[in-house]
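Please read the structure below before turning to the comments.
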Amino acid sequence: MKKIYRAAVAASCLLLVTACSAAGDTSNADGGDLSSQRLVFVNYGGAALEAAKTGWIEPFSDDTGVQIATDSPTDPAKIKTMVDGGRTTWDVVEIDAAVGGSQCGTLFEKRPPEFDMSEVNPDYVTDDCIVPVSVMAVGVVYNKELYGDNPPTKVEDFMNTEEFPGKRIFYSYPGGTVEPLLVTDGVAAEDVIPIDWSRVESIFDQLGDDAVPQADHVQQQASLESGDFGMCLCYLGRAAKAAENGANIGVLWDKIHLAWDGVYATKGSKAPEAQWAFLQHLATSKGQNPFYEVLPYGPTTLGEPPAVNPVYKEFLPTLHEEEIQQTFLYPIEYWTDHADEAFEEWTRITTG
């Protein structure tokens, strides 16, 4: 499993593909002018949206003339309302691969036959609509200042609020949160699926008021930077950004969960040519890499890897392999088939 992540962040082979457009060329692959077209790109906001603007959107716009506005956070219910009502305003959406895959062909368009995926790691191509991006590690991050000379040493310490008091913060979104949360409660990674929602509910009962689900990654990063927490079930990319801003935090590397997002073409776009040209741009190392130079997630392409900010190295699994005892992957098939149930159960449990 480590091999999969390593393949996403190291140069294994450089595949040559035909670029969507040359620098300064406003035409698409078929020769049509895209400069009059407009798109709206959506992801989860905060640092990820800023990285997308700098790394993905601005270079593409400079090359093609396509103007791209942004919005956040990603909201599956809002996407469904748009498509069902015939009023699509979000053209390209970054969303977790399970939710996106479950709506492939319904809310999202399938990739055209001529779409070039040759530079994308096939391990992350999990449905007919996805262009995978952003391999993300989820782990337990702890407050070094709070715990001083008695820091936690294993992920199960997340549940030990007696010895390690303090708020337990985590992203209030089931996919990519429930699995590592169950592992902190002693569930073996191979037994996490199918999700035992009664066990999840008992975790919340055990943590009580110390459980602090947070609405978005921006709020989570702010908590890390403020020091108002004990431990965090965090996307390590966001933790790295918090550390860059001065957060005094450490990572428990014994058990790490890996997930990934995809970008999807929303049905009903008024600019489908620009929509697919942008997605094609993101299906290449050249298109993806600038994002990861400013946000420490891993690319899904197999070409030349991105440059790494030295601060981020403390939060990259590939540089801590000797400490990692177990890496477990996002169970994509389960989440694709059970997304609706998962959101219902998660909402029931987290809202009381």
Side-chain angles (χ1 to χ4, degrees), residues 42-46 48-49 71-85 90 93-104 106-108 126-127 134 136 138-140 158-159 161 167-185 187 191-224 229 231-235 238 257 259-262 264 266 328 330-352:
V42 180
N43 74 5
Y44 294 102
L49 187 55
D71 202 355
S72 67
T74 300
D75 184 341
K78 187 172 181 178
I79 297 167
K80 179 174 172 55
T81 299
M82 287 180 182
V83 175
D84 289 351
W90 287 357
V93 177
E94 181 180 353
I95 196 169
D96 85 72
V99 174
S102 69
Q103 299 299 328
C104 180
T106 305
L107 301 182
F108 304 114
T126 46
D127 62 70
S134 299
M136 298 166 286
V138 180
V140 175
F158 187 87
M159 294 299 298
T161 56
K167 295 177 182 178
R168 271 34 176 187
I169 61 177
F170 46 88
Y171 181 35
S172 187
Y173 191 91
T177 299
V178 170
E179 308 96 296
L181 186 61
L182 285 165
V183 169
T184 68
D185 196 40
V187 178
D191 296 330
V192 164
I193 301 301
I195 300 296
D196 180 350
W197 290 103
S198 63
R199 181 73 174 259
V200 176
E201 190 167 14
S202 75
I203 290 173
F204 278 82
D205 290 341
Q206 291 175 62
L207 292 176
D209 292 340
D210 287 325
V212 185
Q214 296 184 312
D216 54 47
H217 296 304
V218 177
Q219 186 179 5
Q220 188 176 83
Q221 184 177 327
S223 294
L224 294 180
F229 78 104
M231 296 189 212
C232 174
L233 199 60
C234 276
Y235 284 85
R238 294 301 182 124
H257 180 260
W260 62 95
D261 279 353
Y264 289 82
T266 310
F328 51 107
Y330 188 46
I332 187 72
E333 292 183 3
Y334 176 84
W335 286 108
T336 299
D337 293 338
H338 296 85
D340 290 342
E341 172 198 350
F343 277 95
E344 289 176 6
E345 290 287 345
W346 182 258
T347 300
R348 177 184 65 82
I349 291 169
T350 57
T351 60

Check side-chain hydrogen bond (donor to acceptor under 3.5 Å, both in side chains) between [X] and all other residues, then give those that pass, not counting sequence neighbours.
{"X": "Trp197", "value": "none"}
{"X": "Gln220", "value": "none"}
{"X": "Trp260", "value": "none"}

- request: Indicate the ring-plane relationship of Tyr171 and His217, choosing parallel, tilted or perpendicular according to the 30° and 60° boundaries.
  value: tilted
Check: [Y] and [X] side chains under 4.5 Å, non-hydrogen atoms:
{"X": "Val212", "Y": "Phe229", "value": "no"}
{"X": "Leu182", "Y": "Ile203", "value": "yes"}
{"X": "Leu233", "Y": "Val140", "value": "yes"}
{"X": "Tyr173", "Y": "Val99", "value": "yes"}

Could you tell me which non-hydrogen atom of [X] sits nearest to which non-hydrogen atom of [Y], and how far apart they are?
{"X": "Pro331", "Y": "Glu179", "answer": "CD-OE2, 3.2 Å"}
{"X": "Ile195", "Y": "Ile193", "answer": "CD1-CD1, 3.8 Å"}
{"X": "Asp127", "Y": "Cys104", "answer": "OD1-SG, 4.0 Å"}
{"X": "Pro76", "Y": "Ile95", "answer": "CG-CD1, 3.9 Å"}
{"X": "Ala48", "Y": "Arg238", "answer": "CB-NH2, 3.1 Å"}
{"X": "Leu224", "Y": "Cys232", "answer": "CD2-CB, 3.9 Å"}

message: For residues 74-85, which residue pairs pass the salt bridge (Lys or Arg N to Asp or Glu O under 4.0 Å) check, not counting sequence neighbours?
response: Lys80-Asp84
Check side-chain contact (heavy atoms from CB on, under 4.5 Å) between [X] and all other residues, then give those that pass, not counting sequence neighbours.
{"X": "Val83", "answer": "Ile79, Thr88, Leu107, Thr266, Lys267"}
{"X": "Asp216", "answer": "Val218, Gln219"}
{"X": "Asp191", "answer": "Val187, Ala188"}

message: Go through it in stages, so that I can follow the logic: the residues are Asp96 and Tyr330, the test is side chain to side chain contact (heavy atoms under 4.5 Å, CB included), and I'd like the CA-CA distance, side-chain angles, deciding distance and then a yes or no.
response: CA-CA 10 Å; Asp96 85 72; Tyr330 188 46; 2.6 Å; yes
message: Applying salt bridge (Lys or Arg N to Asp or Glu O under 4.0 Å), can you list everything that pairs with Asp196, at least two apart in sequence or on another chain?
response: none
- prompt: Of all residues at least two apart in sequence or in a different chain, which pass the salt bridge (Lys or Arg N to Asp or Glu O under 4.0 Å) check with Glu201?
  reply: Arg348
Look up atom [atom1] in [X] and atom [atom2] in [Y], then write down how far apart they are to the nearest 0.5 Å.
{"X": "Gln214", "Y": "Gln221", "atom1": "CD", "atom2": "CD", "answer": "11.0 Å"}
{"X": "Arg168", "Y": "Asp209", "atom1": "CZ", "atom2": "CG", "answer": "13.5 Å"}
{"X": "Ser72", "Y": "Leu49", "atom1": "OG", "atom2": "CG", "answer": "5.0 Å"}
{"X": "Asn43", "Y": "Ser134", "atom1": "CG", "atom2": "OG", "answer": "8.0 Å"}
{"X": "Thr161", "Y": "Met231", "atom1": "OG1", "atom2": "CE", "answer": "9.0 Å"}
{"X": "Met159", "Y": "Leu181", "atom1": "CE", "atom2": "CG", "answer": "7.0 Å"}

message: Using the ring pair (Phe, Tyr, Trp, His ring centres under 6.0 Å) criterion, which residues pair with Phe170? Sequence neighbours excluded.
response: Phe204
task: Mind checking ring pair (Phe, Tyr, Trp, His ring centres under 6.0 Å) for Phe158 and listing every partner two or more places apart, or none if nothing turns up?
output: none
query: Any side-chain donor paired with an acceptor under 3.5 Å for Trp346 and Ser172?
result: yes
query: Is the closest side-chain donor-acceptor distance between Tyr44 and Asp261 under 3.5 Å?
result: no
Which pairs would a plain distance check flag for residues 336-343, meaning a side-chain donor or acceptor within less than 3.5 Å of a matching protein atom at least two apart in sequence or in another chain?
unit_1, atom_1, unit_2, atom_2, d
Thr336, OG1, Ile332, O, 2.8
His338, ND1, Tyr334, O, 2.9

Heavy-atom neighbours of Glu333 CD exceed 12 at 6.0 Å: no
- prompt: Can you tell me if Thr347 uses its side chain to pair, donor with acceptor, with the backbone of Glu344 under 3.5 Å?
  reply: no
